[in-house]
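A short worksheet on the structure shown next.
Basis for what follows: all heavy atoms, side chains included, without hydrogens, waters or symmetry-related copies.
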Amino acid sequence: VQLQASGGGLAQAGNSLTLSCAASGSIVSSMGWYRQAPGKQRELVALIISGGSTNYADSVKGRFTISRDNAKNTVVLQMNSLKPEDTAVYYCKVRTIYAREYWGQGTLVTVSS
C-alpha cells in the first residue's frame with residue numbers, strides 16, 4: 001500500500017488548512033489522521049471507517065472535519081479555526097480490509113499566533 005499525503009504548511013491562528021491522503025494498492029477499511037507535536041506522543045486526530053462513521057479527538061471537535069472518497073481511497077481533513085496548539089506533524093494512517101495498517105509520510109502543520 002502506498003500513501004500520498006498533501007497539504008499542510010503554515011497558517012495563522014483562526015485560519016484553515018486542508019490535508020489530503022490518497023491510498024493505493026489495497027482496499028482500505030478505515031482511514032485516519034494522527035499528529036505528533038514536539039515532545040509529545042502521537043495522538044489520534046480523526047478517524048473515518050468505510051461506513052462513514054467518524055471519531056474525533058476532543059480537542060478538534062467542531063473545528064476539524066474528516067471525509068473520504070471510497071472510490072478514490074482518499075481521506076481529507078479539513079481543519080478550521082486553527083490554534084497554535086494544533087501545530088504538529090500530521091500523519092495519515094489506513095487500515096486495509098486485511099487488517100494491515102500503513103502510515104503515510106508526515107506533513108508539518110504550523111499555526112502561528
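Taking CD from Q78 and OG from S16, the interatomic distance works out to 5.5 Å, rounded to the nearest 0.5 Å. We find the OH-CG distance between Y102 and L3 to be 9.5 Å, quoted to the nearest 0.5 Å. Separating the CG atom in L82 from the CG atom in L17 is a distance of 5.5 Å, to the nearest 0.5 Å. With rounding to the nearest 0.5 Å, the separation of CD1 in I48 from OG in S30 is 10.0 Å.
The hydrophobic cluster containing V94 does not contain L47, counting ILVMFWY residues as joined when their side-chain heavy atoms lie under 4.5 angstrom apart, directly or transitively. Following chains of ILVMFWY side-chain contacts shorter than 4.5 Å, one cannot reach Y34 starting from I49, and the two form parts of different hydrophobic clusters.
Contact detail for S113 and P84: the closest heavy-atom pair is CB-CG, 3.8 Å. The nearest pair of heavy atoms linking M31 to C21 is CE-O, 4.1 Å. Here the shortest heavy-atom pairing between V28 and A23 reads CG1-CB, 4.1 Å. Counting all heavy atoms, side chain and backbone alike, L19 lies closest to T107 at CD2-CG2, 3.9 Å. Between T74 and S20 the shortest heavy-atom distance is CG2-OG, 3.6 Å. For the residue pair R68 and N70, the shortest heavy atom distance occurs at NE-OD1, 2.5 Å.
Y91 pairs in a side-chain contact (heavy atoms from CB on, under 4.5 Å) with only one of the listed residues (Q105, R35, Q36), which is Q36. The only option from V76, N80, L77, T65 that meets the side-chain contact (heavy atoms from CB on, under 4.5 Å) definition with T18 turns out to be V76.
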request  = Test I66 against V75 for side-chain contact (heavy atoms from CB on, under 4.5 Å), laying out the working first.
outcome  = CA-CA 7 Å; I66 190 169; V75 61; 3.6 Å; yes
ask   = Checking side-chain contact (heavy atoms from CB on, under 4.5 Å) for the pair W103/R42: CA distance, chi angles, key distance, verdict?
value = CA-CA 12 Å; W103 291 91; R42 192 172 298 186; 3.3 Å; yes
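With no hydrogens or angles considered, no side-chain donor-acceptor pair links R95 and S26 at under 3.5 Å.
Two residues are said to be in side-chain contact when any heavy atoms from C-beta on lie closer than 4.5 Å; W33 and M79 fail this criterion. In this structure, T96 and V1 have side chains that are in contact, with non-hydrogen atoms separated by less than 4.5 Å.
Listed by chain and number, the residues in a side-chain contact (heavy atoms from CB on, under 4.5 Å) with T110 are L10, T87, L108 (sequence neighbours excluded).
A distance-only check finds a donor-acceptor pair linking the side chain of R63 to the backbone of S81 [under 3.5 Å].
Look at K83 and D86 and you find no salt bridge, because none of the NZ, NE, NH1 or NH2 atoms lies under 4.0 Å from a carboxylate O.
Judged as a ring pair (Phe, Tyr, Trp, His ring centres under 6.0 Å), not a single pair has a partner in residues 52-86 (not counting sequence neighbours).
Counting non-hydrogen atoms of neighbouring residues, nucleotides and ligands closer than 6.0 angstrom, the CG atom of L44 exceeds 12 such neighbours.
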